[in-house]
Amino acid sequence: MTILVINSGSSSLKFQVIDSENEEVLAKGVCERIGIDGRFTYRTRTGISLKEAVPMKNHTQAVHTLLDTLADPEKGVIKDFREIDVIGHRLVHGGEKFTGSVVITDEVTQAMTECNDLAPLHNPANLVGVEACRKLMPDTLMVGVFDTAFNQTMEPKAFLYGLPYRYYERHRIRRYGFHGISHKYVSRRAAEFMGQDPGRVKTIVCHLGNGASICAVKYGQVVDNSMGFTPLEGLVMGTRCGDVDPGALEFLAKKENLDFAQVLDILNQESGVLGISRNFSSDFRELKDAEIKYNGQAALAREIFAYRVAKYVGSYAAAMNGVDNIVFTAGVGENDSDIRMEICSYLEYLGITIDEVKNRDEAEAFLISDGTSRVNVLVIKTNEELEIAREAAEVARMYR
């Protein structure tokens with residue numbers, strides 16, 4: 001199958017065309033600044049590359065632009081958009097309604113709309129992309145792949161808050177966990193790399209980027225995820241605070257005369273390593289350079305981040321009563337060898353020993369623990385688009 005993967009944001013639309021048989025990326029790109037001044041970036045497997053201004057007043061025009069380019073006789077990778085067998089849409093929040101990927105129907109979009117208040121920044125934007133594709137390609141099968149679905153195997157002991165149970169019954173206030181598409185791909189890729197059966201190993205995936213989460217995957221199913229009702233819970237991140245005492249927020253609001261919307265903006269946009277570093281940067285590469293130059297706040301931000309990651313890893317090893325694989329992925333996890341080493345320095349009690357030379361490697365997948373380590377520690381490049389394509393192809397085969 002030829003699969004078009006779509007990740008729609010409020011003013012952007014990322015895409016990849018993937019051949020499901022050999023899992024090769026035929027083309028990829030992004031439509032940016034939709035509704036503003038329009039920017040289109042495109043690259044094919046054969047080396048054709050575009051980066052140009054293209055007017056796109058809405059997502060429908062953005063989809064039209066990418067389809068025209070994909071089918072262009074000189075720049076394209078298909079002869080006609082009808083060669084696209086399936087469109088796989090990345091959808092952020094499916095609530096408790098969706099525990100797996102589904103064919104997108106009117107009923108599915110309605111159910112997603114009912115989840116909009118759970119992800120007000122993401123779900124409406126995802127649905128705009130879906131509707132744009134349905135308008136231009138009404139006869140093409142479309143599959144929704146939810147970022148929360150993989151986490152739906154969490155048990156009540158893991159997903160319930162210590163709030164009155166009636167609020168869960170009335171409003172479904174609970175922990176959902178995010179980055180599920182990445183955690184699913186990486187946990188299975190790690191088992192494949194190690195020659196293991198995914199259904200027989202315990203894996204902790206550390207998805208460490210500007211947004212970051214830890215996921216405990218026991219025998220192929222999620223036991224726990226560090227993100228909660230929203231992606232704000234859990235680790236200290238690029239600009240998000242992570243875990244914080246709600247009482248401190250009331251205190252802050254009173255002292256600074258802030259309303260709830262202002263407090264949330266601080267927690268989401270001004271906190272994390274950006275806030276700890278006194279607004280120096282939310283980019284871990286810049287913080288690393290500053291740490292080398294003896295910037296104390298930058299060093300503290302990175303230290304706090306590593307400490308919080310190690311605490312979650314330790315707690316998830318306890319939750320699963322052991323761990324076979326610990327995997328680092330995403331921008332920071334894949335590229336920051338110093339952060340990996342610092343995190344692992346807290347985990348020696350698990351019998352972890354790191355090979356410093358291997359830890360400096362660069363590859364799609366590699367082992368950084370040495371031969372004496374009782375736990376495999378790996379680095380795996382995440383590939384959410386490929387996971388979406390796989391899910392879309394599987395649903396399509398069952399549907400047909």
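- In summary, the side chains of Thr372 and Asp370 do present a donor paired with an acceptor at a separation below 3.5 Å, with no hydrogens or angles considered.
- Checking Asn7 against Glu384 by side-chain atom types alone, no donor-acceptor pair falls below 3.5 Å.
- Side-chain atoms of Glu334 come within 3.5 Å of backbone atoms of Thr382 as a donor-acceptor pair (strictly under, hydrogens ignored).
- Taking the charged nitrogens against the carboxylate oxygens, Arg166 and Glu169 have no contact shorter than 4.0 Å, which rules out a salt bridge.
- Although no hydrogens or angles enter the test, the distance criterion places no donor-acceptor pair under 3.5 Å between the side chain of Asp72 and the main chain of Asp68.
- Looking only at atom types and distance, the side chain of Gln221 has no donor-acceptor partner in the side chain of Thr153 under 3.5 Å away.
- Going from atom CD1 of Ile354 over to atom CD of Glu342 covers 13.0 Å, rounded to the nearest 0.5 Å.
- Scored by the side-chain contact (heavy atoms from CB on, under 4.5 Å) test, Ser277 finds Phe280, Leu287, Ala301 as partners (sequence neighbours excluded).
- Under a 3.5 Å cut-off, the side chain of Asp147 and the backbone N or O of His179 do form a donor-acceptor pair.
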Quick one, Lys184 with Glu391, criterion salt bridge (charged side-chain N to carboxylate O under 4.0 Å, His left out). Give me CA distance, side-chain angles, the key distance, then yes/no.
CA-CA 11 Å; Lys184 184 176 183 179; Glu391 293 274 323; 2.3 Å; yes
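- For the side chain to side chain donor-acceptor pair (under 3.5 Å) test, residues two or more places apart in sequence or in another chain that qualify with Arg302 are Glu291, Asp336.
- Placement of Ile36 and Val54 in two distinct hydrophobic clusters is found when ILVMFWY residues are connected by side-chain heavy-atom separations under 4.5 Å, directly or transitively.
- No salt bridge links Glu385 with Lys14; every basic N to acidic carboxylate O contact stays at or beyond 4.0 Å.
- Of the possible donor and acceptor atoms, none in the side chain of Asp19 sits under 3.5 Å from a partner among the backbone N and O of Thr2.
- No side-chain heavy atom of Val375 sits less than 4.5 Å from a side-chain heavy atom of Leu347.
- Sorted pairs that involve residues 312-328 and meet salt bridge (Lys or Arg N to Asp or Glu O under 4.0 Å), not counting sequence neighbours, are lacking altogether.
- Side-chain contact check for Val108 versus Val103: every heavy-atom pair is 4.5 Å or farther apart.
- Shown here for Ala393 and Met1, the closest heavy-atom pair between the two residues is O-CE, 3.8 Å.
- A donor-acceptor pair is defined here as one N or O able to donate and one able to accept, closer than 3.5 Å; such a pair exists between the side chain of Lys202 and the backbone of Met320.
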Asp139 vs Arg134, test: salt bridge (charged side-chain N to carboxylate O under 4.0 Å, His left out). Steps then yes/no.
CA-CA 8 Å; Asp139 299 324; Arg134 293 179 85 185; over 6 Å; no
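- The backbone N or O of Ser226 sits less than 3.5 Å from a side-chain atom of Tyr316, completing a donor-acceptor pair.
- Between Glu96 and Arg174 there is a salt bridge, since a side-chain N of the basic residue sits under 4.0 Å from a carboxylate O of the acidic one.
- Using the six-membered ring where Trp is involved, Tyr168 and Phe159 have ring planes that are tilted, between 30° and 60° apart.
- Remark: side-chain polar atoms of Glu155 are not paired, donor with acceptor, to backbone N or O of Val223 under 3.5 angstrom.
- The minimum heavy-atom distance linking Met227 with Ser213 is given by the pair CG-CB, 3.9 Å.
- Closest approach of Gly333 to Val379, counting heavy atoms only: O-CG1, 4.0 Å.
- Put simply, the side chain of Ser282 reaches to within 4.5 Å of the side chain of Asn210, judged on heavy atoms.
- With respect to the salt-bridge test (charged N to carboxylate O, under 4.0 angstrom), the residues Lys254 and Glu250 qualify.
- Put simply, the side chain of Thr239 gets close to the backbone of Asn268: a donor and an acceptor are under 3.5 Å apart.
- Other cluster members for Leu267: Leu232, Val244, Leu249, Leu252, Leu258, Phe260, Val263, Leu264, Ile266, joined by side-chain heavy-atom distances under 4.5 Å among Ile, Leu, Val, Met, Phe, Trp and Tyr.
- Residues Leu70 and Ala27 share a closest heavy-atom pair of CD2-CB, 3.9 Å.
- Judged as a side-chain contact (heavy atoms from CB on, under 4.5 Å), and not counting sequence neighbours, the contacts of Glu23 are Leu386, Arg390.
- Put simply, the side chain of Thr329 gets close to the backbone of Ile380: a donor and an acceptor are under 3.5 Å apart.
- Across Ala330 and Gly209, no two heavy atoms sit closer than the pair CB-N, 4.2 Å.
- Side-chain contact between Ile84 and Leu67: present, with at least one pair of heavy atoms (C-beta onward) separated by less than 4.5 Å.
- Heavy atoms only, all atoms of each residue included: Leu274 and Gln269 are closest at CD2-O, 3.6 Å.
- Contacts of Ile173 classified as side-chain contact (heavy atoms from CB on, under 4.5 Å), with partners at least two apart in sequence or in another chain: Tyr161, Leu163, Tyr167, His171, Phe229.
- Side chain of Asn225 to main chain of Phe178: a donor-acceptor pair is present (N/O by atom type, distance under 3.5 Å, no hydrogens or angles).
- The shortest side-chain heavy-atom distance between Leu66 and Leu4 falls under the 4.5 Å cut-off.
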